[in-house]
Every structure is written in C-alpha cells, then in structure tokens.
Amino acid sequence: MTKQLTILGSTGSIGLSTLDVVARHPERFQVFALAAQRSVEIIFRQCQQFNPRYAVLVDDMAAQQLAQQLKASASTTEVLQGSDALVQVAEHPEVDYVMAAIVGAAGLVPSLAAARAGKRVLLANKEALVMSGKLFMDAVHEYGAELLPIDSEHNAIFQCLPSYGKQGVEKLWLTASGGPFRQSPLATLEQVTPEQAVAHPNWSMGQKISVDSASLMNKGLEVIEACWLFGVSVDQVEVVVHPQSTIHSMVAYNDGSVLAQLGNPDMRTPIAYALGWPERLDSGVKPLDLFATARLDFEKPDLIRFPCLRLAFEAHAAGGFATIALNAANEIAVQAFLKRNIGFMDIPRLVESVVQCAPSGTPNQLEAILIQDEASRQTALSWVKNKKL
Ligand code: NAD
Ligand code: MG
C-alpha cells in the first residue's frame, strides 16, 4: 500500500536526499506535504515534481510568493504558512510517515506532534531528542509511534541491535570522522573561518551540522541522542574517531562480538532503510568498494581539542535543563560563528558559560522545555555581545 509522507525540512540536505530515494519508489510513497522555512524556488520545483497536497513555508512572505507561483503553474498544491502549519501536516490523519528533518530546536514541536499522532517518525532532527528526550520517548511509547533513526550512527546501531530487546548488549560505539580540524595544530583553531569549518571531509550536510561536526558538538549531541533512543546509560556509549567514515557505528555484545554497519557516507542509505523497514529498498547509493577503502583507522577523541564533546557528556549527566541549555547555546554560538561575530573556540566557551546557568533537574512538560530554550538563547546572545556573561 502506498504510504503518505510528510517531509519537514524538505529543502535541506536530508530533505533533498529523502526525495531522491522517494522518487525511486513511486509505487510505495506519495508525498503528502513538503515543509521548509523560506526557500521558495526549491520547494516550488519539488511541488512540481511530487505534486503534494500541501506545501508549508513558515515565512509569510515566502509562502505568499510560493502560492502565486503555484497558482500561475496551475498546480493543485495548497500553500500553508506559519509554524502551526508544520504541526498540522505532521499530525494529519492521512499521513503515515513523517521525515523530521528541520534543523535545530525549531523541529521539536512538529516532530513531537508526529510522535503524539502515532506516525512512523523518521528522526533526523537530533536536537529534538537532546531537548526533550524523556518526553519524546514517552510520547512514542504512549501513542504507539514507530521511531526510526536517520542519523547515520544511530541508524547503524539500530541495524546492529537484536530485533527484540537488548539482550547481551554491552556497549554502543559511535564513530566520528573527527571533522576538518582533527589534525590542525591546536593554536590555529582560534582563527579558523566558517568556510574551513563547513568543509567536511566525508559528508555533505547543512551548515549547522557541518560546524557541529567540526567542533565535535555533533558527536556530543549524538551521545545524548543514543542514550534516549536506545535506553542506555551514558557509560554504555563510547565515541571512537574513525576518519574514513566507512563504519557508521557498532554494537559490542557480551560474547565478544562487535557488529558494525559499513557503507559509503551517503545519507540515502539510512533514509532508505527507515523508509523501507523492515524491508530493504534501493537507495541509489554506490556499493562500497573495500579495495578502494583499504584501511579503517581508529583513534581516541581528543577532549582538549574538542571541549564540546566533554560539555555534552557533562550536560547529559546534569539533566534535561542542562541539555536544553547546551543545545540552545550551541545554536546561537554556531550562528554567531557563521556571521563571524565569535571565533571557533568561542563556541565551547559560550556553551559552557550558558550551561552553568541552567537549573538542575529535567522538565517533563513541553512548555517548560520551550521556556528554558528561550532563556538559554537570551543568555547566549548576551555572551555573544559581551564575550562573557
Ligand atoms: P539543512 O540546513 O540543510 O536543512 C534544514 C531544513 O530545515 C531546511 O529545509 C530549512 O528550510 C528547514 N528549516 C530551518 N529552520 C526552520 C524553521 N524555523 N521552521 C521550519 N523549517 C525550518 O539541514 P540538514 O543538514 O538537512 O539537517 C537537518 C537535520 O538533520 C538536523 O537536525 C541535522 O542535525 C540532522 N542530520 C543531518 C545529516 C546530514 O547529512 N545533513 C545527518 C544526520 C543528521
Ligand atoms: Mg550523525
């Protein structure tokens, strides 16, 4: 039966890869809704190709422009505007699957709405789990949603775990490429530019996650994501730097076995796996050439070079308010770095200061989560202005 699919963040890197996979399986998937912030041209072309029932743009002006263009092209797609419309297309009764691929905290409310509506949620938006792990996982269980990880590491772990329970699982190994600055002299990191930071050696991704990969905050967010997704403690998760990005992550068992998932670094693999699960679908990804790969290297992560990874472990131990603060501060810090208002190594400085202001404990209501998110953003903005709190 054809599945109706909503794609939140359709104009981004994950959104484009999702549509590439979907286009290979027109008999299986129909695009019900596409949603993005303001990229009129990209979403217009996507509407022409996939003819969704709805197209959502959060930005009002952009939505009006899209509506005019679609009308002129005799399209039947209806344009909705504003962030409430994201929720509307995520929880719509006719929708089966929701790809949650909005970047940052903006993705939390619609991703949670999809979980509360009992959808299959393909979760790329790791920030949602970092902010609301317990609340989100409780919603998944309470409303019978199917949560499938899109993040390549978590998708790999999902593939390597037993199909029932976690019997015999000792440890989850999260692989990290180490980003573009793995070997740069430490002293040069203060001066690196946004262009250098977003030039990831193996993966092509959106700007925010590219900077997070360079600071290893991405791996820190993923450690927290793994704890929530798989119900493990932080001591059961270990990060290993693996510069080739061929092994996407591993599960170690009590009998000494380590299961790994390998492949070319292309997000269409985890996307196709989550769309097709439990079946396998053609994704368009080239087969892995082990002879060309030749080597698999492993290193311990350097926490002096990458303080963001340490900060994420500490925040997770401190509780939910701290991880909300970590995420909010990081989003503001990355934006400020991309605008050249702060340096690369100011990112961990800012994040550490803001996390220290967070109360202890974990909020269990969405409203309290959003209030803490906003408060930490304000604190972070004042750090950007004064270079201290
Ligand atoms: P991107 O910047 O390329 O795309 C972001 C998408 O979100 C765009 O469609 C944009 O319009 C939309 N968006 C941004 N702000 C919005 C808002 N306020 N309201 C509605 N829509 C908004 O990002 P990406 O690289 O595709 O990453 C998306 C998510 O997937 C992130 O959470 C990222 O961490 C995660 N992820 C990405 C990759 C990857 O390879 N790109 C891998 C793993 C996980
Ligand atoms: Mg990842």
Side-chain angles (χ1 to χ4, degrees), residues 1-12 14-19 21-23 25-40 42-60 62-64 66-67 70-71 75-125 128-129 132 135-150 271 274-277 366 370:
M1 221 184 72
T2 310
K3 299 293 182 192
Q4 298 289 330
L5 171 68
T6 283
I7 305 179
L8 304 172
S10 71
T11 60
I14 294 287
L16 296 177
S17 294
T18 304
L19 286 169
V21 176
V22 164
H25 303 280
E27 70 304 340
R28 280 180 178 262
F29 306 108
Q30 202 164 2
V31 179
F32 181 82
L34 296 170
Q37 190 170 28
R38 59 166 71 91
S39 318
V40 177
I42 302 177
I43 205 165
F44 174 71
R45 285 199 302 277
Q46 293 177 338
C47 288
Q48 289 197 306
Q49 187 179 351
F50 294 95
N51 194 29
R53 173 104 60 98
Y54 296 108
V56 179
L57 286 178
V58 171
D59 183 273
D60 285 359
Q64 283 171 30
L66 177 67
L70 285 171
K71 199 167 163 214
S75 160
T76 55
T77 299
E78 187 180 333
V79 177
L80 305 175
Q81 65 187 53
S83 41
D84 289 350
L86 299 172
V87 172
Q88 194 183 326
V89 296
E91 66 184 15
H92 195 286
E94 286 174 46
V95 169
D96 302 300
Y97 294 2
V98 175
M99 166 56 82
I102 290 174
V103 60
L108 170 59
V109 171
S111 306
L112 186 63
R116 286 179 171 166
K119 308 298 185 194
R120 175 179 290 200
V121 182
L122 294 80
L123 188 71
N125 178 220
L129 270 189
S132 74
L135 184 83
F136 199 97
M137 295 309 291
D138 286 350
V140 167
H141 297 130
E142 187 177 343
Y143 297 96
E146 263 178 341
L147 184 59
L148 288 153
I150 294 298
I271 291 167
L275 281 170
W277 183 82
L366 179 59
L370 298 177

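Quick caveat, the model's predicted, so the values are computed rather than measured.
Using modelled atom types and a 3.5 Å distance limit, the side chains of Asp60 and Gln81 yield a donor-acceptor pair. Judged purely by distance below 3.5 Å, without hydrogens or angles, the side chains of Gln4 and Gln30 pair a donor atom with an acceptor atom. A donor-acceptor pair shorter than 3.5 Å can be found between the side chains of Gln46 and Ser10.
In terms of heavy atoms, Ala274 sits closest to Leu148 at O-CD1, 3.5 Å. Listed here is the closest heavy atom pair of Ser17 and Ile271: CB-CD1, 3.6 Å. Heavy-atom minimum distance, Ala85 versus Val56: CB-CG1, 3.7 Å. Pairing each heavy atom of Leu86 with each of Leu8, the nearest pair is O-CD2, 4.0 Å. Minimum heavy-atom separation, Tyr143 to Ala115: CB-O, 3.5 Å. Pro110 and Ala106 get closest at one heavy-atom pair: CD-O, 3.6 Å.
The closest side-chain heavy-atom distance from Leu122 to Arg120 is below 4.5 Å. In this structure the side chain of Leu129 reaches within 4.5 angstrom of the side chain of Met137, judged on heavy atoms. Side chains of Leu57 and Val79 form no contact here, defined as non-hydrogen atoms less than 4.5 Å apart. Using a 4.5 Å heavy-atom cutoff, the side chains of Leu147 and Leu123 are in contact.
One finds no salt bridge joining Lys119 and Glu146 here, because no Lys/Arg side-chain nitrogen approaches an Asp/Glu carboxylate oxygen to under 4.0 Å.
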Next item on the list: For side-chain contact (heavy atoms from CB on, under 4.5 Å), just list the numbers for Val95 and Val89, CA-CA rounded to whole Å, side-chain angles, deciding distance to a tenth of an Å, and then say yes or no.
Entry: CA-CA 8 Å; Val95 169; Val89 296; 5.9 Å; no

Notebook entry, point to check: Step by step, would you call Lys3 with Leu5 a side-chain contact (heavy atoms from CB on, under 4.5 Å)?
Noted result: CA-CA 6 Å; Lys3 299 293 182 192; Leu5 171 68; 6.0 Å; no

Note to self: side-chain contact (heavy atoms from CB on, under 4.5 Å) for Phe136 and Ser111? Distances and angles first, verdict last.
What the structure shows: CA-CA 9 Å; Phe136 199 97; Ser111 306; 3.9 Å; yes

Checklist line | Step-by-step side-chain contact (heavy atoms from CB on, under 4.5 Å) determination, Asp84 to Gln88 | finding: CA-CA 6 Å; Asp84 289 350; Gln88 194 183 326; 6.0 Å; no

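When each of His92, Glu94, Glu78 is tested with Arg53 by the rule side chain to side chain donor-acceptor pair (under 3.5 Å), just one qualifies, namely Glu94.
Here CG of Leu108 is found 6.0 Å from CG of Leu370. Values are rounded to the nearest 0.5 Å. One distance of note links CG of Leu34 with CE of Met99; it measures 12.0 Å at 0.5 Å rounding. Note that the CG atom of Leu19 and the CD1 atom of Ile7 stand 4.0 Å from one another [nearest 0.5 Å]. In this structure, Thr2 OG1 and His25 NE2 are separated by 13.0 Å, a value rounded to the nearest 0.5 Å. For the atom pair CD of Gln37 and OG1 of Thr11, the computed distance is 8.5 Å after rounding to the nearest 0.5 Å. A distance of 10.0 Å separates OG1 of Thr77 from CZ of Phe44, quoted to the nearest 0.5 Å.
Checking side-chain atoms of Asn125 against main-chain N and O of Gly104 turns up a donor-acceptor pair under 3.5 Å. Side-chain atoms of Arg38 do not come within 3.5 Å of backbone N or O of Ala63 as any donor-acceptor pair. A donor-acceptor pair under 3.5 Å is formed between the side chain of Ser132 and the backbone N or O of Ala128.
Ring planes of Phe29 and Tyr97: tilted class, angle from 30 to 60°.
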